[in-house]
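Take a look at the structure below.
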Amino acid sequence: MKYSKYSTVIIGSGVAGLYAALKTEQQVELPDGLLLITKSKLGESNSRYAQGGMVAVMKENKADSTASHISDTIKAGAGLSDFNAVKFISEHSDAVVKDLLKFGVEFDRDENNNLCFTREAAHSVRRILHSGGDATGKMIEQALCKKVAENENIEVYEETVAVELLVNSKSECKGVVVFNDITQEYETIYSPCIILATGGIGQLYKYTTNPAGATGDGLALAYNAGAVMQDMEFVQFHPTALAIDGEENRFLISEAVRGEGAKLVDADGIEFMHKYHEKRELAPRDIVTRANFNEMLEHNMPNVYLNATCINSEMLAKRFPNISKKCLENGIDIAHDFIPVAPAAHYYMGGIKTDMKGATSIKGLFAIGEVASTGLHGGNRLASNSLLECVVCAYSVAEYLKSIELKTPKQIDEEIKSIIDKYNDEDLILDDIDVPALKKKLQEIMWDYVGILRSEKSLMTAVSKLEELKSEFPRKAKCLNRDEYEFKNMLLVAGLIINCALKRKESRGAHYRLDYLNTDEECVHSCLTKKDGELDFVK
Ligand code: FAD
Ligand code: SIN
């Protein structure tokens with residue numbers, strides 16, 4: 001096996017990983033260099049598909065304040081957000097946006113060159129920056145990718161999957177084993193600093209807005225290495241994904257369309273959100289999702305509709321060019337027709353527990369972006385807070401790395417050698433497995449039994465179906481290819497979500513239990529490690 005060493009290794013090339021790479025290279029002493037690993041092409045990520053925008057509490061936006069953003073975030077978070085995390089992220093947004101502009105990121109501006117702010121659900125003011133109309137993620141990602149590709153001090157491995165972290169019994173991370181899916185070669189990389197920026201889990205569900213790579217890899221890597229995981233039961237379902245027959249990976253119809261005035265209607269064109277919340281279409285996302293789901297169940301329909309015909313047609317075309325185009329490709333003219341929409345798995349609030357420096361419970365292991373659980377989102381993420389969290393935490397991990405010495409380990413720990421040996425085993429014969437078929441089964445289990453509405457009965461059904469599925473996938477450590485590694489991770493993370501969902505016997509935010517409809521007065525995080533195996537609830 002090939003060996004190498006780097007002062008810092010960043011895993012993942014979404015907005016969090018790209019920006020962390022640029023900030024680390026810019027500010028940190030890196031005697032052995034900086035490596036960015038990504039499992040497909042540079043920039044392929046959830047980030048690329050972000051539409052609505054990025055929260056920015058800017059000093060020039062006189063209508064806004066950090067106090068107002070903090071209050072909105074905490075309200076949407078159903079009591080589970082950590083005040084200090086919310087405050088930290090909100091207060092850093094102005095500086096980070098200004099820094100992004102220096103890296104060539106552009107946001108939409110009005111005719112006087114002022115930044116445009118849009119509105120999304122549960123925000124009390126217009127505070128969301130957007131780019132390319134409804135292509136915010138793509139525009140940010142492309143600008144950062146360009147800078148990374150031009151930067152000779154950032155080495156990039158594409159098509160390379162991180163498969164196991166090298167963590168010793170003192171809970172110190174010393175590096176990572178990676179697998180190149182093209183050459184089929186393994187490499188051991190030693191490093192005193194590994195930053196996981198591997199994104200979310202949408203692919204665990206039958207219907208999702210997330211692209212193919214959102215398979216929860218970083219969560220599995222960290223859990224297997226003994227890291228503390230937090231609030232794993234909290235999966236966010238977006239209320240309005242385009243519901244076209246046969247398409248399970250669903251294109252998003254941004255919440256910003258509702259922010260600009262679109263209404264949810266049933267098949268007869270009748271509005272229904274007044275039955276569910278005083279803020280109607282702009283209620284917190286979990287409430288709108290359950291409202292849509294409930295209307296679908298009551299009317300036995302595969303979708304509800306979004307009526308954007310009340311918005312000026314020129315404005316629609318200008319603000320939402322990609323949504324307009326995608327709908328038109330499917331025979332829907334959004335200026336005149338209702339858009340069929342249904343909920344889909346969208347974002348993961350749970351994750352690897354970190355502080356504001358991105359530090360996990362393992363020394364030398366950091367996590368940023370969707371894979372991390374900083375406490376910002378609580379039980380239900382406020383729209384457009386994710387991109388903000390990605391950039392603020394990327395910025396702050398780089399700030400922190402300035403203050404420590406990044407020494408690559410001189411000697412290989414004996415106990416770490418045994419981790420590496422598993423991948424060196426040339427004699428291991430692995431039979432072919434039909435991974436796409438197994439993946440489909442898993443996605444159905446998660447959608448049907450661990451989805452928008454949960455109960456002891458549905459979750460116990462998921463437990464037994466998952467056990468059956470595990471027996472069809474007899475891989476321990478080494479796998480044949482990227483698909484297998486991803487599926488192994490998906491099975492593990494699905495089990496953790498189910499376990500945590502079973503034990504949280506209340507409804508809160510996106511975790512909705514039909515058998516425990518009330519929200520407990522005491523609000524606690526669920527924390528889990530592999531070592532303990534037990535779920536702790538902590539304040
Ligand atoms: P990602 O962008 O998902 O990047 C993860 C990276 O890690 C990828 O490059 C992936 O290939 C790589 N990776 C994963 N596992 C491995 C491995 N084992 N080895 C190597 N590499 C690996 N949020 C907002 O704030 N505003 C929005 O408007 C918005 N709209 C959205 C619209 C859609 C359709 C979707 C799907 C999400 C949206 N979100 C939005 C959420 C937001 O885009 C994501 O939460 C955020 O971009 C996550 O960024 P990230 O860098 O943490 O992860
Ligand atoms: C959207 O545009 O509706 C997605 C926004 C988000 O997920 O934050």
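Note that ligands are numbered from 1 as they come in the structure, with each ligand's atoms numbered from 1 the same way.
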Heavy-atom cut-off of under 4.0 Å around ligand 2: list whichever protein residues fall inside it, by chain and number.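 Residue list for ligand 2: Q51, G52, E120, H238, L252, S254, E255, R285, H346, R381, A383, S384.
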
Where ligand 1 meets [X] - atom numbers and elements under 4.0 angstrom, heavy-atom basis:
X    : result
I11  : 19 (N), 20 (C), 21 (N)
G369 : 52 (O)
R381 : 23 (N), 24 (C), 25 (O)
D217 : 15 (N), 16 (C), 17 (C), 18 (N)
E44  : 8 (C), 9 (O), 10 (C), 11 (O)
T160 : 19 (N), 20 (C)
E370 : 44 (C), 45 (O), 48 (C), 52 (O)

For [X], which residues count as a side chain to side chain contact (heavy atoms under 4.5 Å, CB included) partner, sequence neighbours excluded?
X    : answer
E158 : T38, K41, L42, V156
S4   : Y6, Y157, E187, I189
N380 : A76, Q236, P284, R285, D286

Is [X] close enough to touch ligand 1? Criterion: a residue heavy atom under 4.0 Å from a ligand atom.
X    : result
M54  : no
T136 : no
H238 : no
S384 : yes
A197 : yes

Does any N/O atom on [X] come nearer than 3.5 Å to any N/O atom on ligand 1?
X    : answer
Y49  : no
Y347 : no
T209 : no
L387 : yes
E120 : no
L388 : no

The one among [options] that brings a heavy atom closest to [atom]:
atom                    : options             : result
atom 36 (C) of ligand 1 : V161, I201, N210    : N210
atom 26 (N) of ligand 1 : A16, A50, G53, G52  : G53
atom 1 (P) of ligand 1  : S45, S13, C393, S40 : S45

**Study point:** Pair F234 and Y348, ring centroids less than 6.0 Å apart
**Key:**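 Centroid distance F234-Y348: not below 6.0 Å, so no.
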
| Would you say the ring centroid of Y347 lies under 6.0 angstrom from that of H377? |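 Yes: the rings meet the under 6.0 Å criterion.
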
* To do: Take R319 and D134 through the test salt bridge (Lys or Arg N to Asp or Glu O under 4.0 Å) and record every step on the way to the result.
  => CA-CA 7 Å; R319 259 302 268 115; D134 54 3; over 6 Å; no

#### Entry: Pi-cation contact, Y423 with K478 (under 6.0 Å, within 45°)
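Ring-cation test returns no.
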
Identify the residue among R482, K488, K39 that makes a salt bridge (charged side-chain N to carboxylate O under 4.0 Å, His left out) with D217.
->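 Testing each of R482, K488, K39 against D217, the sole residue satisfying salt bridge (charged side-chain N to carboxylate O under 4.0 Å, His left out) is K39.
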
Do the side chains of D72 and R127 get close enough for a salt bridge, i.e. N-O under 4.0 angstrom?
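Judged by the 4.0 Å cut-off on N to carboxylate O distance, D72 and R127 do form a salt bridge.
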
Within the supplied structure, the quantity of interest is the number of heavy atoms (other residues, nucleotides, ligands) at a distance under 6.0 Å from K146 NZ; does it exceed 12?
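Atom NZ in K146 is not crowded, with 12 or fewer foreign heavy atoms closer than 6.0 Å.
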
Between W447 and Y207, what is the ring plane arrangement, given parallel below 30°, perpendicular above 60°, and tilted in between?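 Judged by the thresholds at 30° and 60°, the geometry between W447 and Y207 is perpendicular.
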
Self-check item: Closest non-hydrogen atom pair between I128 and R119, with its separation
Solution: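 Looking at all heavy atoms of both residues, the closest pair is CD1-C, 4.1 Å.
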
